[in-house]
Protein chains: 2
Amino acid sequence: MTNPHTDATGIAVTTGPIPGSRKTYLTSAYGDPVPVREVPLDPESPGTALRLDDPSGPYTECAPAIDVARGLDRRRTAWIVERGDTAQQNARMPVPQDQEPTGPAFPQAPLPRAAPEGVAATQMAHARAGRVTREMAVAAARENLARMQPEGFADGAAAPRAITAEDVRRAVAAGQAILPANVNHPESEPMVIGSAFRTKVNANLGTSPVTSNIGSEVDKMVWAARWGADTVMDLSTGAGISATREWILRNAPVPVGTVPIYQAVERVGGRPQDLTWAAFRDTLIEQAEQGVDYMTIHAGVLRAHLPRARNRVTGIVSRGGAILAAWCEHHGRENFLYDNFSEICRILQRYDVTISLGDGLRPGCTADANDAAQMAELATLGELTRVAHAFDVQVMIEGPGHVPLHRIAENVTRQREACGDVPFYTLGPLATDVAPGHDHITGAIGGALIGQAGTAMLCYVTPKEHLGLPERDDVKEGLIAFRIAAHAADLAKGHPAARLWDDALSRARYAFRWDEQFRLAMDPERARAFHDATLPKDAQKDAPYCAMCGPRFCAMRISQDVADAAAAGAGAGPG
Amino acid sequence: MTNPHTDATGIAVTTGPIPGSRKTYLTSAYGDPVPVREVPLDPESPGTALRLDDPSGPYTECAPAIDVARGLDRRRTAWIVERGDTAQQNARMPVPQDQEPTGPAFPQAPLPRAAPEGVAATQMAHARAGRVTREMAVAAARENLARMQPEGFADGAAAPRAITAEDVRRAVAAGQAILPANVNHPESEPMVIGSAFRTKVNANLGTSPVTSNIGSEVDKMVWAARWGADTVMDLSTGAGISATREWILRNAPVPVGTVPIYQAVERVGGRPQDLTWAAFRDTLIEQAEQGVDYMTIHAGVLRAHLPRARNRVTGIVSRGGAILAAWCEHHGRENFLYDNFSEICRILQRYDVTISLGDGLRPGCTADANDAAQMAELATLGELTRVAHAFDVQVMIEGPGHVPLHRIAENVTRQREACGDVPFYTLGPLATDVAPGHDHITGAIGGALIGQAGTAMLCYVTPKEHLGLPERDDVKEGLIAFRIAAHAADLAKGHPAARLWDDALSRARYAFRWDEQFRLAMDPERARAFHDATLPKDAQKDAPYCAMCGPRFCAMRISQDVADAAAAGAGAGPG
């Protein structure tokens, strides 16, 4: 079904439509394209097609003209230029020699744009000034699919509420939502993250010193977007970090996040104690110029919080948190990210990099959940949120981790108390520690619950969590599990477009329109393959039963016979 | 790791220990064996081993003497005889010719036992008379593992509360728990189902007219128990139903449930309208004599409820519910299971068959969740519960199905209002309809939530749900997903033994005792295989990092260095 596209560089990415769907584009209030996965419906169904949000980029078009060495179209450049608050720079900041890539360099990396010092070129600044950006209009349209279905789609007409560009503007202005869109990542398709909107899913990828290479990470990024990643984080460590990131950014249709301290540590020889503010600052600027849309900053790991983590079962399990704890303990000084936080904001506001305030002290096991260390850091993150907002820098807050079910909602409550309605972005959480190898499931359980409670974006967990670096298959499994969790949360929260999808699929199921059911499935390939495993023939795709119960025992078939008989009886008169 | 055992019959089942664990037996208050999976711990760990509940039967012993054609030891026979309330019958009830098995008959099927007419030989009758049975003592010990750990296990000593045989007796007497243990299934190991106890998981299996055979279903039963099925339901349809069930029962270490109406319909030629009370009654007796421990009875599908299901998106999706609706509509009469419910209880009380009151009108999609049809049937199930309890017949209540997250808890609340604290047994529920092929995950999400809310047993859903009959691999995937859900619920509910497992695994993880972590995993094979995929060498099983982050970036290693430095600093004096 999928068609691996190999470039002259030897980098292969998957292209072609999601089976049974067609990629199409609607139009935003400003006339810009709004990407949509359109699933054609059978003539018996209400409406001709169901439209679903689609973060997969042009890769899923019918015959996409993909050139990985050129990158995606930089559509947003014109929008950014039009706003007039940034200027193209003459060159990127020189990268230190020790950071020269070991992999092939991306040909013709674009020159960076930036706002003048002291100017915030952020979506938040525009929102607060009352301006609806083109990005906001596209992001709003993607949330408004309940009202952007083809004519004749009965449910669409009954959608409870419209989501408008002004809704997005207001939420971004208030800090209740973020629209991560670095001016140097014009390839990205705008989307909004906030608890009033569709629950988003992030996929982590990136090289590790032990395994993987640039090509495989670009492929994983495209693959992740294909399976519904709303954003990706490039967590590369080891050699060639900058080069890997450049390839990913130039080809990424979704916002890209990073954790800059990983690269900063590499830059000082891998020794946390040798980190300096200068080395970190240069890394920030380099990544902002490349186009990273959001960056995890562990500025809340304060010296005073560390003793609270000492009696934990699993100590500090965030890489960034552990690095900064080591630095603080070694130098006997306060976390330099905290001390320089205003400076960080002054840099990031020029590019519109969103800050994802990292939870360096998140719990690494259910026993450590919601403990004093975690909550102390959360209070600091609230303080930092107010600082960033003063610079018109967009902010989200990272959350756990490992949390038993009965303590999950408290995380959202406490986050709101500490940080206001700033979007919450959690890693799972995993509802138990006992299932390594299946942690996409432990994480999807916790993720669904914390999503329902108001978390705006879930970071996926793959089956390889705790055991190794995820491969392509793991990326897909993790994404499906977390998209299920996010969609279950949206149904529960009443996102206006969520219900349409369930009802369309259930109608297809009840009417034995097997092909339509497969097309509507979150994973059309898997659904069809499983049905084929026992009933492979074409004729069986119209059969009013499946191999689970067989012809005689199909409840839905019997139920329909009963309904038909009742209807006939009703037609014939009373009784 | 596993060693398929092939019998002279050609039926192959998996035997041998779960990798890294040893099967052992503790002793109940009455001196009977209590099955346990014992995971040896490294010398650095508190305690020498962690003991986990183990429903897998003797198959996971080191060198089990399994003879599938002979069946498991009938250990409980002596206990049952000792109670003196049943007598061995001279023969089984003759089975109608049309039900002759098409597969091989189990050699030497045992003669049945039964109590005299009007006598309840049930665990509930004994419990109400104040008698603690041997079964109750074993079931209690299995729940009391927090206090039955090896000496030196620090957490065990701190367990919040003991669970005693008297606790089990009291709960069974009150109808708050069931101990499914047909006197004709003496091969089973006693276990208790109730919201005060460990959340249980059921695995469905059985032949279908389209696919599968007796041998594969016996294999799946042993395989299901190996992966933690606390009970199995044999949902066989098509030919050879009785023969299949006999093989399963004689080899099942766990309670076995059925839905007798499936076989009754086969017996009348597959036409629901031809069902009679006599045909159903004979099926009940036949299955009770074979040893079925619990039976789903759809006695709550009343004529008056049916119109409420007519405007649903997916009508009636329970097979039993659809069959009975068809019967009622055809005859214009009340459900004969409802009309004969007292007679059903009079039969089942003689064998101690637990009634699982089926939810024939459960919702088949999230749109139909918690609707009037479902709730009307639930009220009827409450009425029937009181009837069954008057006969000292044990009862549990079946629940949905497909339910969005925000409507899940209401199911438990309403079930309690209607039926009292009778154990609730739900199928999932699936938190969304859109992911066929991955419904073990949608079901595990809903299952964890409804388990936390007090559901006593979760019926698993496999990845094949809605698409085909589950194979061996699907059975395992479904079980792991639902055991994760059940364990997450137990952690949240505070089951005293739940916490021990998480903490033991987390300690192993933090200390990089990789082998210990694999042994403690719910799925040791998968955990090790995933780690091997990138770091296969033995030496890497002691490495203080994994392939996800590599040596430099392991948060837990850095965190430990920090802790060590802090400890050393503390030892050296103030500062």
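So you know, we letter chains A, B, ... as the sequences are listed, proteins then strands, and number each from 1. Values reported hereafter were calculated over all heavy atoms of this structure, with side chains retained and with hydrogens, waters and symmetry mates removed.
Heavy atoms only, all atoms of each residue included: B/H406 and A/Q452 are closest at CA-NE2, 3.5 Å. Minimum heavy-atom separation, A/I558 to B/A326: CG2-CB, 3.8 Å. Here the closest non-hydrogen pair linking B/D503 and A/A367 is OD1-CB, 3.4 Å. In this structure, B/T314 and A/S506 approach most closely via the heavy-atom pair CG2-O, 3.6 Å. Considering every non-hydrogen atom in both B/F530 and A/L467, the closest pair reads CB-CD1, 3.7 Å. The two residues B/L491 and A/A431 have their closest heavy-atom pair at CD1-O, 3.5 Å.
Only one option out of B/L430, B/D439, B/T432 pairs with A/I484 in a side chain to side chain contact (heavy atoms under 4.5 Å, CB included); it is B/T432.
Atom NE2 in A/H531 sits 12.5 Å away from atom NE2 in B/H466 (nearest 0.5 Å). The distance from atom OG of B/S559 to atom CZ of A/R312, rounded to the nearest 0.5 Å, is 8.5 Å.
Neither the backbone nor the side chain of A/A529 comes within less than 4.5 Å of any heavy atom of chain B. Of the atoms belonging to B/R509, it is side-chain heavy atoms, and not backbone ones, that fall under 4.5 Å from chain A. Interface remark: B/Q560 contributes no atoms to any contact with chain A (heavy atom separation under 4.5 Å). In this structure, chain B has heavy atoms under 4.5 Å from both the backbone and the side chain of A/Y262. Looking at A/L306, neither its backbone nor its side chain comes within 4.5 Å of chain B, counting heavy atoms on both sides. Within the 4.5 angstrom heavy-atom criterion, only backbone atoms of B/S318 (N, CA, C, O) approach chain A. Only the side chain of B/H487 comes within contact range of chain A, with heavy atoms under 4.5 Å apart. The parts of B/I316 that come within reach of chain A are both its backbone and its side chain, each placing non-hydrogen atoms under 4.5 angstrom from that chain. For B/A498, no part lies near chain A; criterion is any non-hydrogen pair under 4.5 Å. Looking at B/P463, both its backbone and its side chain come within 4.5 Å of chain A, counting heavy atoms on both sides. If you measure heavy-atom distances from A/L405 to chain B, the contacts under 4.5 Å come from both the backbone and the side chain. Within the 4.5 angstrom heavy-atom criterion, no atom of B/H330 approaches chain A.
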Verify side chain to side chain contact (heavy atoms under 4.5 Å, CB included) between A/R526 and B/H438, making sure each step is shown before the conclusion. CA-CA 8 Å; A/R526 176 82 48 95; B/H438 299 269; 3.1 Å; yes
Between B/I441 and A/I480, does the side chain to side chain contact (heavy atoms under 4.5 Å, CB included) criterion hold? Intermediate values first, please. CA-CA 9 Å; B/I441 298 178; A/I480 296 284; 5.5 Å; no
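When each of B/I445, B/D474, B/D523 is checked for heavy-atom pairs under 4.5 Å with chain A, B/I445 comes out on top. Of all the listed residues (B/G270, B/P272, B/G447, B/P404), the one sharing the greatest number of non-hydrogen pairs under 4.5 Å with chain A is B/G270. For the options A/G437, A/A309, A/A492, heavy-atom pairs under 4.5 Å to chain B are most numerous at A/A492. Listed options B/A444, B/P436, B/A488 were ranked by heavy-atom pairs under 4.5 angstrom with chain A; first place goes to B/P436.
The salt bridge (Lys or Arg N to Asp or Glu O under 4.0 Å) search around B/D532 returns B/K541, not counting sequence neighbours.
Between the side chains of B/T366 and A/R499, at least one donor N or O lies within less than 3.5 Å of an accepting N or O.
For the pair B/L505 and A/C365, the minimum side-chain heavy-atom distance is 4.5 Å or more.
In this structure, the side chain of B/D502 engages the main chain of A/D433 through a donor-acceptor pair within 3.5 Å.
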